[in-house]
Number of protein chains: 2
Amino acid sequence: MVNSRVSVAIHILSLIATTNDSNQLTSEWIASSVNTNPVVIRRISSQLKKANLIASNAGVAGYQLVKEPKDITLLDIYKAVQAPEELFAIHDNPNPECAVGKKIQSTLDNVFQSVQRAMEDKLTEETLQDVLDQLFH
Amino acid sequence: MVNSRVSVAIHILSLIATTNDSNQLTSEWIASSVNTNPVVIRRISSQLKKANLIASNAGVAGYQLVKEPKDITLLDIYKAVQAPEELFAIHDNPNPECAVGKKIQSTLDNVFQSVQRAMEDKLTEETLQDVLDQLFH
DNA sequence: TATGTTGTAACTAATATGGTTACAAGTTGT
DNA sequence: ACAACTTGTAACCATATTAGTTACAACATA
């Protein structure tokens with residue numbers, strides 16, 4: 001299962017996108033909406049910052065979006081907080097002296113990549129704006 | 001990340017589909033191809049059996065496919081070994097007194113379900129036969 | 001009856017995850 | 001200058017998941 005960092009990241013970005021008073025947007029305030037520890041928020045915010053989705057300044061309260069919500073895809077968010085990780089794990093060291101074992105890894109790699117691409121294509125279709133629309137419809 | 005049980009399950013099914021001598025298909029022999037412990041094989045085989053993909057008899061060596069490889073989709077295999085589990089985790093207990101916190105779970109549930117459906121649709125397209133074709137092309 | 005198998009329970013080590021404490025470094029207002 | 005507050009990170013902890021392992025009951029077969 002994909003961990004909840006994606007979920008929390010979308011929550012954070014939704015708050016940033018919809019809160020006018022940037023001064024209010026402290027990690028502690030965000031944490032009280034997400035219901036977690038402020039450090040968890042700062043940790044994930046740090047990843048969103050490295051992915052160039054948000055901006056912030058050490059010492060000064062608040063975070064700002066770097067792009068329009070319609071230009072932030074869920075894949076952007078997914079990749080920001082997910083290690084550059086394959087969706088499916090493949091068992092290692094299958095027996096190369098077995099006809100199946102010899103080719104199973106490359107075969108599964110092909111298959112799983114196409115599945116992962118299908119998922120990522122869907123994540124690309126949906127933007128933060130779509131989430132905001134659903135949140136406030 | 002989706003654990004390696006899906007990967008191992010496909011390996012097991014490929015061996016069953018392509019090994020004529022059923023007597024050879026012991027959990028120990030399969031384990032030597034997968035490169036793991038026989039109990040791991042029996043554990044996953046047990047799940048495949050419950051999903052009605054393979055058959056076996058306690059005490060007698062071997063496993064048999066219940067369906068044709070072309071009629072076993074990768075989604076069948078995925079669901080057999082994966083707990084009936086959502087692809088994306090959603091953080092719990094967001095603050096209901098916050099406009100975002102109040103609706104984030106139902107919104108993310110919608111969004112993530114559509115993404116999961118895209119992945120499952122792709123898994124449905126590919127069958128064990130397709131894997132066999134790639135293994136022995 | 002001896003040998004070998006499947007099926008499972010139970011335990012273990014390794015790893016990932018989210019929560020937490022602590023603190024350095026920065027900003028701001030007085 | 002300094003007090004109060006913030007972000008950014010390192011470090012640690014408890015928990016859960018995972019795969020590997022040992023052990024053994026139940027069954028089949030020569």
Side-chain angles (χ1 to χ4, degrees), chain A residues 1-9 11-12 15-16 19 21-32 34-51 54-64 80-94, chain B residues 1-9 11-12 15-16 19 21-32 34-51 54-64 80-94:
Chain A
M1 187 190 267
V2 175
N3 63 47
S4 70
R5 289 197 295 271
V6 181
S7 173
V8 172
H11 191 146
I12 293 172
L15 288 173
I16 299 175
T19 305
D21 185 6
S22 177
N23 218 35
Q24 185 182 19
L25 272 172
T26 65
S27 61
E28 185 165 1
W29 185 83
I30 296 174
S32 82
V34 174
N35 190 33
T36 185
N37 191 291
V39 174
V40 172
I41 301 300
R42 297 204 287 272
R43 194 186 284 154
I44 294 177
S45 295
S46 169
Q47 296 181 286
L48 296 173
K49 192 175 179 178
K50 279 175 188 143
I54 64 175
S56 62
N57 299 308
V60 42
Y63 296 89
Q64 305 83 39
V81 298
Q82 210 65 23
E85 178 183 86
E86 306 301 318
L87 183 57
F88 288 87
I90 298 178
H91 58 288
D92 25 50
N93 304 318
Chain B
M1 188 190 270
V2 175
N3 62 48
S4 69
R5 289 197 296 272
V6 182
S7 173
V8 172
H11 191 147
I12 293 173
L15 289 172
I16 299 176
T19 305
D21 185 4
S22 177
N23 218 35
Q24 187 183 17
L25 272 172
T26 65
S27 62
E28 185 165 0
W29 185 82
I30 296 173
S32 82
V34 174
N35 190 33
T36 184
N37 190 290
V39 174
V40 172
I41 302 300
R42 298 205 285 274
R43 195 187 284 155
I44 295 176
S45 296
S46 169
Q47 297 181 285
L48 296 173
K49 192 175 179 178
K50 280 174 187 143
I54 65 175
S56 62
N57 299 306
V60 44
Y63 296 89
Q64 306 82 41
V81 299
Q82 208 66 22
E85 178 184 83
E86 306 301 319
L87 182 58
F88 288 87
I90 299 179
H91 59 287
D92 24 52
N93 303 319

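The basis for the numbers below is simple: all heavy atoms, side chains too, and nothing from hydrogens, waters or symmetry mates. Naming convention: chains lettered A, B, ... in sequence-line order (proteins, then strands); numbering from 1 in each chain.
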With a 4.5 Å limit on heavy-atom distance, are the side chains of [X] and [Y] in contact?
X	Y	value
B:Trp29	B:Thr19	yes
A:Lys50	A:Gln47	no
A:Met1	B:Leu87	no
B:Val2	B:Gln82	yes
A:Ser7	B:Phe88	no
A:Ile12	A:Ser45	yes

According to a strict under-4.0 Å criterion, is [X] in side-chain N/O contact with OP1 or OP2 of [N]?
X	N	value
A:Ser4	C:dG18	yes
B:Lys49	C:dG7	yes
B:Ser45	C:dG7	no
A:Thr26	D:dT7	no
A:Tyr63	D:dG8	yes
A:Ser56	D:dG8	yes

Rounded to whole Å, please give me the gap between [atom1] in [X] and [atom2] in [N].
X	N	atom1	atom2	result
B:Asn23	C:dT3	CG	P	18 Å
A:Ile12	C:dG18	CD1	C1'	13 Å
A:Ile90	D:dT18	CD1	P	17 Å
B:Asn3	C:dT15	CG	P	16 Å
A:His91	D:dT18	NE2	C1'	15 Å
A:Leu25	D:dG8	CG	C1'	17 Å

Original post:
Roughly how bent is the helix from C:dT1-D:dA30 to C:dT30-D:dA1 end to end, in steps of 10 degrees, with each end axis from five pairs?
Top reply: 10°
Check nucleotides 26-30 of chain C against the protein and report each pair of N or O atoms closer than 3.5 Å, with its distance, or say if there are none.
from   : atom 1 : to      : atom 2 : distance (Å)
C:dG26 : N2     : A:Gly59 : O      : 3.4

Original post:
In Å and rounded to the nearest 0.5 Å, what is the CG to CD1 distance from A:Leu25 to A:Ile30?
Top reply: 5.0 Å
Original post:
B:Ser27 or B:Ala89: which one's nearest nucleotide on DNA chain C is closer to the 5' end?
Top reply: B:Ser27
Subject >> Matching residue for A:Ile44 among A:Val39, A:Val34, A:Val8 - test: side-chain contact (heavy atoms from CB on, under 4.5 Å) >> reply: A:Val8
Subject >> Non-hydrogen atoms of A:Ala89 and B:Asn3 that approach each other most closely >> reply: CB-C, 4.0 Å
Subject >> CD/A:Glu28: more than 12 non-hydrogen atoms of other groups inside 6.0 Å >> reply: no
Subject >> Main-chain N/O of A:Arg42 paired to A:Ser46 side chain as donor or acceptor, under 3.5 Å >> reply: no
**OP:** Taking only heavy atoms on the protein side, list every residue of residues 34-44 of chain B lying under 4.0 Å from any atom of DNA chain D, sorted numerically.
**Re:** B:Thr36, B:Asn37, B:Val39, B:Val40, B:Arg42, B:Arg43
